[in-house]
Student: 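Let me give you the structure first, and then I'll get to my questions.
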Amino acid sequence: MTRPMMAHRGRAFEELFARLEAGLRDVLLTARPVYISTSSASGLMEGAIRNAPAGAVLALVNGAFSSRFAKIAKACARDVDVFEVPWGETFDLEAVDRRLGSRRYAAVTVVHSETSTGVLTDVRTVTELAHKHDALCIIDSVTGVAGAELRFDEWKLDFVLTGSQKALALPPGLAFGVASSEFLRRARDVSDRGLYFDVVEFEEFAAKNQTPATPALSLLYALDAQLADVLREGIERRWERHAAMRDATAAWLKRAVTRVDLEIDILAPEESRSPTITTVTLPENVKSADVVKAVERRGFVIGAGYGKLKDTTIRIGHMGDHTLETLRPCLAECEDALRDVGGIKW
Ligand SMILES: *Cc1c(COP(=O)(O)O)cnc(C)c1O
């Protein structure tokens with residue numbers, strides 16, 4: 001990232017861009033161009049809404065980030081219906097199907113890995129259901145891409161967005177998005193889709209190996225280095241590593257719960273747990289802030305809960321460049337901290 005700047009309309013930049021595109025296509029498993037946006041992931045959440053075909057939006061909400069997606073759609077003056085399940089749960093897909101049949105929707109928003117609850121949603125099936133009702137599906141995979149299985153072309157997805165600072169383990173400041181040809185075709189008919197996040201412009205410039213506006217070049221240098229690492233490991237192996245970290249975290253907690261009578265558990269149901277993040281519900285007398293502080297004193301950073309789960313849960317992120325070897329000492333310190341703070345005996 002300390003490398004000198006270069007002209008973003010020059011040959012050297014175009015070579016860099018072409019290399020980044022090829023790498024990102026291998027991460028998202030698509031032959032479509034991957035748009036590189038100088039923004040945080042929220043920028044492309046808003047962009048996806050603004051480019052989506054005119055008409056009502058059905059927002060599937062099961063946590064803080066999917067709730068935010070609904071809020072973004074409303075802020076973009078969309079007619080939004082919210083289909084909400086209790087935070088920590090996943091969706092009954094038959095109920096989603098019925099809801100999609102109840103009214104004509106142009107688009108559906110869904111979060112792949114709900115970073116507030118640790119729930120993983122079957123976005124492939126949600127997309128199939130949307131298509132059955134002639135709607136397009138917009139997927140926030142900010143803590144999914146590069147950690148959880150996602151196959152853009154094979155799963156026939158419409159729009160997927162992610163950010164640089166989660167499972168890709170880069171500094172914040174970049175977002176990546178990919179649109180199907182159908183999503184792009186329908187976007188052309190949207191007259192008020194704006195400009196900074198216009199997928200038609202992204203597409204035209206990507207064809208020239210350029211970005212529409214000046215990119216955050218230093219972050220692209222970092223992306224170049226990181227993509228080389230990601231692809232050296234292989235995307236499927238990367239998913240497996242994340243799944244192994246999720247399973248190790250679950251096994252660690254289960255050992256505790258079965259050994260002593262603890263009111264501490266993983267929030268997400270067993271069959272839909274995100275490979276990148278685990279949200280743990282705490283006993284009533286234990287506050288998340290105290291646990292987080294105690295873990296920090298022991299040299300590790302975990303998250304408190306998010307949104308309305310702030311005080312009652314902790315979140316252990318196991319994504320990006322982490323491995324079982326770096327996770328295990330963290331879990332050991334979490335265990336020690338919980339014992340200290342909550343008087344919990346393991
Ligand atoms: C982090 C996160 C976002 C927001 O990303 P920003 O980069 O802060 O805009 C959105 N959705 C999910 C699921 C996230 O984890």
Side-chain angles (χ1 to χ4, degrees), residues 24 27-28 34-50 57 59-76 82 84-85 87-91 108-123 126 137-150 157 159-178 196-197 215-216 219-220 222-223 226 242 245-246 267-268 272-279 301-310 313-320 322:
L24 288 167
V27 169
L28 283 141
V34 180
Y35 312 137
I36 301 176
S37 169
T38 292
S39 67
S40 83
S42 302
L44 281 184
M45 290 168 85
E46 184 157 329
I49 297 291
R50 296 204 63 178
V57 173
L60 303 188
V61 173
N62 65 338
F65 290 98
S66 41
S67 173
R68 189 167 159 75
F69 217 165
K71 193 171 165 190
I72 289 172
K74 282 178 199 159
C76 291
V82 172
E84 186 161 4
V85 298
W87 291 20
E89 288 183 15
T90 187
F91 303 99
V108 177
T109 62
V110 64
V111 171
H112 187 197
S113 159
E114 234 312 339
T115 319
S116 60
T117 64
V119 168
L120 190 77
T121 291
D122 176 1
V123 292
V126 171
C137 187
I138 301 167
I139 299 167
D140 165 345
S141 186
V142 178
T143 51
V145 168
E149 180 177 13
L150 182 137
L157 306 181
F159 194 93
V160 171
L161 67 98
T162 192
S164 50
Q165 80 277 23
K166 303 278 174 75
L168 280 165
L170 283 162
L174 293 178
F176 311 106
V178 53
Y196 194 64
F197 299 110
L219 289 167
L220 297 188
L223 175 63
Q226 184 68 338
H242 283 82
M245 289 194 284
R246 170 196 57 204
L267 181 62
S272 29
R273 288 179 182 160
S274 170
T276 60
I277 184 151
T278 299
T279 299
V301 178
I302 60 165
Y306 195 94
K308 61 184 179 193
L309 301 170
K310 189 173 191 300
T313 64
I314 51 169
R315 294 177 305 146
I316 301 170
H318 31 76
M319 67 180 94
H322 279 291

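When a residue number appears, it is its place in the shown sequence, counting from 1. One-based numbering, in listed order, for ligands and for the atoms of each.
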Student: Quick one: does Q165 get a heavy atom under 4.0 Å from ligand 1?
Tutor: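 It does; at least one heavy atom falls under 4.0 Å.
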Student: Examine T143 against ligand 1 and note whether any of their N/O atoms are separated by less than 3.5 Å.
Tutor: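 Such a contact does not occur with ligand 1.
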Student: If we only count heavy atoms from C-beta on, is the T162 to V27 side-chain gap below 4.5 Å?
Tutor: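 No. Closest side-chain heavy atoms not under 4.5 Å.
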Student: Considering only heavy atoms of S42, which atoms of ligand 1 have at least one such atom less than 4.0 Å away?
Tutor: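 In order of number, 4 (C), 6 (P), 9 (O).
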Student: Output the distance between atom OG1 (T115) and atom CG (D140), rounded to the nearest 0.5 Å.
Tutor: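 If I round to the nearest 0.5 Å, the distance is 7.0 Å.
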Student: Which atoms from ligand 1 have a heavy atom of S113 less than 4.0 Å away?
Tutor: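 Near S113, the atoms of ligand 1 are 13 (C).
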Student: My understanding is that only residues two or more places apart in sequence, or in another chain, count here; which of them pass ring-ring contact (aromatic ring centres under 6.0 Å, His included) with F91?
Tutor: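 Checked F91 against ring-ring contact (aromatic ring centres under 6.0 Å, His included); zero matches.
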Student: Distance-only, no hydrogens or angles: does the N62 side chain make a donor-acceptor pair with backbone N or O of V85 under 3.5 Å?
Tutor: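 No; zero donor-acceptor contacts below 3.5 Å.
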Student: How far is atom 13 (C) of ligand 1 from its nearest protein heavy atom, and which residue and atom name does that atom have?
Tutor: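 Looking at atom 13 (C) of ligand 1, the protein heavy atom closest to it is T115 OG1, 3.2 Å.
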Student: Any atom of ligand 1 sitting under 4.0 Å from a heavy atom of A175?
Tutor: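 It does not, in that no heavy atom of A175 comes within the 4.0 Å cut-off of ligand 1.
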Student: Non-hydrogen atoms of A41 versus ligand 1: any pair closer than 4.0 Å?
Tutor: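 Yes, A41 has a heavy atom closer than 4.0 Å to ligand 1.
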Student: I want to check something: taking the side chain as every heavy atom from C-beta on, are E149 and P275 in contact at a cut-off of under 4.5 Å?
Tutor: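 E149 does not reach P275 side chain to side chain.
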